[in-house]
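In what follows, a structure is listed as structure tokens, so that the remarks can point back to it.
Here is how names work: the chains are called A, B, and so on, in the same order as the sequence lines, proteins then strands, and each is numbered from 1. Note that the structure is a prediction, hence the values are computed from the model and not measured.
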Protein chains: 2
Amino acid sequence: MTTGGPPTVETIAERAGVSIASVSRVLNGHGARPDTVRRVERAATELGYVPNAVARSLKGGRSLQLTFAMQDIGNPVYVSMVRQIQAITKAHGYRLLLHSTDAVVEDELAVVRSLADRTSDGLVLCPIRITPEHLEALRGAAQPVVVIGSLPDDAEPPVDSVRADSVTGAELAVRHLIRTGRRRIAFVNGPADTVPGRNRYRGYRAALADCGLASDPALVTNTDFTIEAGTEALHRLLDEDRAGSGSGPGRLDAVFCANDQLALGAAHALHARGLRIPADVAVAGMDDTSLTRASWPPLTSVDLGSAERGRIAAEMLLDRITERDGTSRAPARTETVTPRLVVRASSAPAETANAAQDAQDAHPPNTAHTAAENGQEVTR
Amino acid sequence: MTTGGPPTVETIAERAGVSIASVSRVLNGHGARPDTVRRVERAATELGYVPNAVARSLKGGRSLQLTFAMQDIGNPVYVSMVRQIQAITKAHGYRLLLHSTDAVVEDELAVVRSLADRTSDGLVLCPIRITPEHLEALRGAAQPVVVIGSLPDDAEPPVDSVRADSVTGAELAVRHLIRTGRRRIAFVNGPADTVPGRNRYRGYRAALADCGLASDPALVTNTDFTIEAGTEALHRLLDEDRAGSGSGPGRLDAVFCANDQLALGAAHALHARGLRIPADVAVAGMDDTSLTRASWPPLTSVDLGSAERGRIAAEMLLDRITERDGTSRAPARTETVTPRLVVRASSAPAETANAAQDAQDAHPPNTAHTAAENGQEVTR
DNA sequence: GTGAAAGCGCTAACAC
DNA sequence: GTGTTAGCGCTTTCAC
């Protein structure tokens, strides 16, 4: 008999005068006599019945939940990923579990291992760094995993992945700065011992070399990915640049930064010194976060496709999950998202900067031009 | 017997040569003979056993999951809430489900009702607006709910809630602007038909009145909570202000904005017109999001405690959940978070602004002073 | 088309 | 202490 708790199939069955099997069938639309359908639906409505999803999961072997794990949701890059992932999982009837690892490796591994607790049908993971332990954990994952980031160039990667092409991205930005007349281009990079740090530096060097410009080590610096660090780094570079101007070809005329936070920090340093952006120094960042529009002048940035990576990761994950119901398992895929330069006022050519400034009075320079217009610039 | 699937208590029991009950006891630390403990733990380790959390939930009646539902994670205010909530739920052994309602009322109601599916042990809800349907749904919620926002001032509110005091918050900002010498203070507000919109306007009016300043309707405007809307709104106000300057006491010397996005937009308009911040026009926003430090000069803003509201909401929810194991149900609580003014360079006094500008060359004006210093200013 | 019954994996009485 | 057993709420054979 039915107790005082929330209604269950049994409660409905009693009320409708049928068996619990019929209740289940009607509720899942598996066909029944019209009369039965009517009585069950009536009872369910009257009792305000809501199926117990946990019991369903246990029986069905699927939780209808997906997990997204990243360092810290405070980073705008992850915010755009979450938005995409959330939208897609929701559209497919999955709930989204959010997990912040706070950049603790052990926590990342724990997330992968906890896939075995059947709480989640799959995982999108943004690791800070891929260690051998990661690879082992991924290989033994109890549920499908998609990694956002760069897996080692292995013959057989353990899981699907989506990566940004930050080498090309950095090249795009630096070429753009050169093409618009800049010659002494500083580079404020993040930590050197990370994959993004290395790749963005490679892109910077490559673009300079391709355009026949020497790369001056005094113009490159590494620091943390924060606004404050960017400000401090640029003050330092400017001090040194001024001090050594006797030997060098003159003051720097552009700053390329490894992400938008650094670029904003750099812009602050320039403002504080009374240097004009872009008339005196052009500035460009990476990631094309919402900060680009918060900055004045609006910040040129390279969109490394954080939203798109989120979307692709979610889709890959859902593919794997539906695939599993099928037969064979396809080999792991690796997708690379094409970067896109978004030009805004912070990198307008120096010669036309003043004219542009006047024009801004009427039309604030929020209009962005993408690399589509100058796609041919991208050679690689 | 055991099939090829993932290991279960039964698999372990067979391997350890004990009953499944003993396995369960050992795994939950309920005491057993040392020998039994050893054998079970050994078997579990060897098999890489991970308990099925879904089965546990079904048996235990708790999912160990909590839900946070808000409009859109893209809004920085929600990001700081999520961070806090995530940290607290994690510390208490709960997973966090994220739900974006996209400001669709029907979706918000669905979230509340879906608490009956036992997928989540509780909900923190940030509704865009509280309708009678909301109240009804909240009253019948199958699990504890905490609302972040203003419930109607009812004798018995349906659930716990945490609210910001944006009336006082707006007053703080406007009083600060007045105290630092501003007299014609414009107000760029969000939509007028929302609770925040109404309250911020009340605070603005109250501060002006208290200081004996007339409030000029021509200085107040309503628009959307976006950067672009802020830019457009301020251009409009400036145009009108200039046009009617014959009758008015002169051009506006400060802008108070109902959130940081609007304030950044307003700052863009000022920059585009060549007006200096804060020398010509002071700017202040609300919410104290990360955008305040992205702006140049750094933006004065009122911290309405989004992080703290998130923290309190999560704690209230956990209280309710543990309480339920106890006896009686305490009446619904309502907490109000005290706003805090964070003064940055965008609102430095006009007279000293130029001197301050020079000082910034050495020390970028990132140092913030909180209302703690001038707390007595808050009279209400 | 419908009902009886098994079983998803686990925990907790209950007897021994 | 330990094993047997019931049962959380649901879906799905399997007979009828």
Could you tell me whether A:Arg25 contacts a base, only the sugar-phosphate backbone, or nothing, with contacts defined as non-hydrogen atoms closer than 4.0 Å?
base

Between A:Val54 and A:Leu58, is there a side-chain heavy-atom distance shorter than 4.5 Å?
no

Rounded distance in Å - CZ (A:Arg118) to C1' (C:dG9)
11 Å

Scan B:Ser24 against the nucleic acid and name what it touches under 4.0 Å (heavy atoms): base, sugar-phosphate only, or nothing.
base

Using whole Å, report how far CD of B:Glu14 lies from P of D:dG3.
13 Å

Which residue, A:Ala21 or B:Ser19, contacts DNA chain D at a nucleotide closer to its 5' end, judged by nearest heavy atom?
B:Ser19

Atom CD of B:Glu10 and atom C1' of C:dG7 are separated, to the nearest Å, by 11 Å

Starting at atom CZ of A:Arg62, determine the distance to atom P of D:dT12, rounded to an integer number of angstrom.
10 Å

Taking for each residue the nucleotide of DNA chain C bearing the nearest heavy atom, is the 5' side occupied by A:Ser22 or by B:Ala53?
A:Ser22

Ignoring hydrogens and geometry, is there a side-chain-to-backbone donor-acceptor pair from B:Arg163 to B:Arg309 under 3.5 Å?
no

Contact between A:Thr322 and A:Leu318 at the side-chain level, heavy atoms closer than 4.5 Å - yes or no?
no

OP1 or OP2 of C:dC8 less than 4.0 angstrom from a side-chain nitrogen or oxygen of B:Asn52, does that happen here?
no

Within less than 4.0 Å of OP1 or OP2 of C:dT11, is there a side-chain N or O belonging to B:Arg56?
yes

Would you say the side-chain atoms of A:Ser57 pair up with the backbone N or O of A:Arg62, donor to acceptor, closer than 3.5 Å?
yes

Short side-chain N/O contact from A:Tyr49 to OP1 or OP2 of D:dC10, under 4.0 Å
yes

B:Ile12 atom CD1 is separated from C:dC10 atom C1', nearest whole Å, by 12 Å

What verdict does the salt bridge (Lys or Arg N to Asp or Glu O under 4.0 Å) test give for A:Arg113 and A:Glu136, after you've listed the backbone C-alpha separation in whole Å, the side-chain angles of each residue and the deciding distance to 0.1 Å?
CA-CA 10 Å; A:Arg113 298 207 191 93; A:Glu136 193 192 318; over 6 Å; no

Which whole-number value in Å describes the distance from A:Ile20 CD1 to D:dT11 P?
10 Å

Heavy atoms only, 4.0 Å cut-off, all strands: where does B:Val54 land among base, sugar-phosphate and nothing?
nothing

Starting at NZ of A:Lys59 and ending at C1' of C:dA6, how long is that distance when rounded to a whole Å?
7 Å

So, is A:Thr36 near the phosphate of C:dT2, with a side-chain N or O under 4.0 Å from OP1 or OP2?
yes

In whole Å, I'd like the distance from the CG atom of A:Asn28 to the P atom of C:dG1.
16 Å

